[in-house]
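Keep in mind that the numbers below use all heavy atoms, side chains included, and drop hydrogens, waters and symmetry copies.
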Amino acid sequence: KEPALYSFIYEWSKIDHPGVSVDTIECLNWKTDRLCTISGTCNTRSEYLAYEESLGKIKGVTSVSCVSYQTNVGAGDGALATFTISVAVSGGTPVVVETTAPAVTEATTAAQ
C-alpha cells in the first residue's frame with residue numbers, strides 16, 4: 001500500500017503547469033520520510049498557487065507546504081519569483097532499530 005517513488009514522479013510529471021519551471025526535485029530518505037522538496041521559478045503568484053494546488057491532487061499526497069516564495073521586485077518585466085515547496089506523501093516505513101538485551105553470563109550474575 002506504499003506508493004513507490006517512480007509512481008509519485010510519474011504523476012508529478014503529468015501536471016500541466018504553465019508559467020512554472022522546476023529547477024530541482026529532491027526526494028531524500030524517501031523510504032522512511034516520504035518527503036520531496038521542489039524548487040523552481042514562476043511568472044506570477046497565481047501560476048504558483050495553481051501549481052501548488054495541482055501537487056495536492058496527486059494520489060497519496062498528504063500535504064503541500066510553501067517553504068519559501070520570493071519575488072524579484074524591481075528586476076524588470078521579465079522578473080521571476082523563486083519558490084520551494086515541501087510535499088509529504090503517505091506511506092513510508094519507520095526506521096528499524098535493533099535492540100539486544102545485555103548478555104547474562106556467570107560473571108555478570110556473580111557480580112550482581
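- No donor-acceptor pair under 3.5 Å is formed between the side chain of E11 and the backbone N or O of F8.
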(request) Take F83 and Y48 through the test ring pair (Phe, Tyr, Trp, His ring centres under 6.0 Å) and record every step on the way to the result. (result) CA-CA 8 Å; F83 64 84; Y48 165 79; 5.3 Å; yes
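- From C66, atom SG reaches atom CD of E52 across 6.0 Å, with rounding to the nearest 0.5 Å.
- Atom CD1 of residue I9 and atom SG of residue C36 lie 5.5 Å apart, to the nearest 0.5 angstrom.
- Expressed to the nearest 0.5 Å, how far OG1 of T84 lies from CD of Q70 amounts to 9.5 Å.
- With values rounded to the nearest 0.5 angstrom, S21 atom OG is found 11.0 Å from E47 atom CD.
- Judged by distance alone, with hydrogens and angles left aside, the side-chain atoms of T41 form no donor-acceptor pair with the main-chain N or O of A81 at under 3.5 Å.
- A 4.5 Å side-chain heavy-atom check between N43 and L80 finds at least one atom pair inside the cut-off.
- Atom-to-atom distance recorded for E26:CD and S39:OG is 7.0 Å, nearest 0.5 angstrom.
- Hydrophobic clustering (side-chain heavy atoms under 4.5 Å, transitive across Ile, Leu, Val, Met, Phe, Trp, Tyr) keeps L5 apart from Y10.
- G56 approaches V61 most closely through the heavy-atom pair CA-CG1, 4.1 Å.
- By the side-chain hydrogen bond (donor to acceptor under 3.5 Å, both in side chains) test, T37 pairs with no residue at all, sequence neighbours left out.
- Listed by chain and number, the residues in a side-chain contact (heavy atoms from CB on, under 4.5 Å) with L55 are W12, I15, I38, Y51, I58, V64, I85, V87 (sequence neighbours excluded).
- In this structure, OG on S54 lies 9.0 Å from NE2 on H17, to the nearest 0.5 angstrom.
- Residues L35 and V22 are members of separate hydrophobic clusters, defined by side-chain heavy-atom contacts under 4.5 angstrom among Ile, Leu, Val, Met, Phe, Trp and Tyr.
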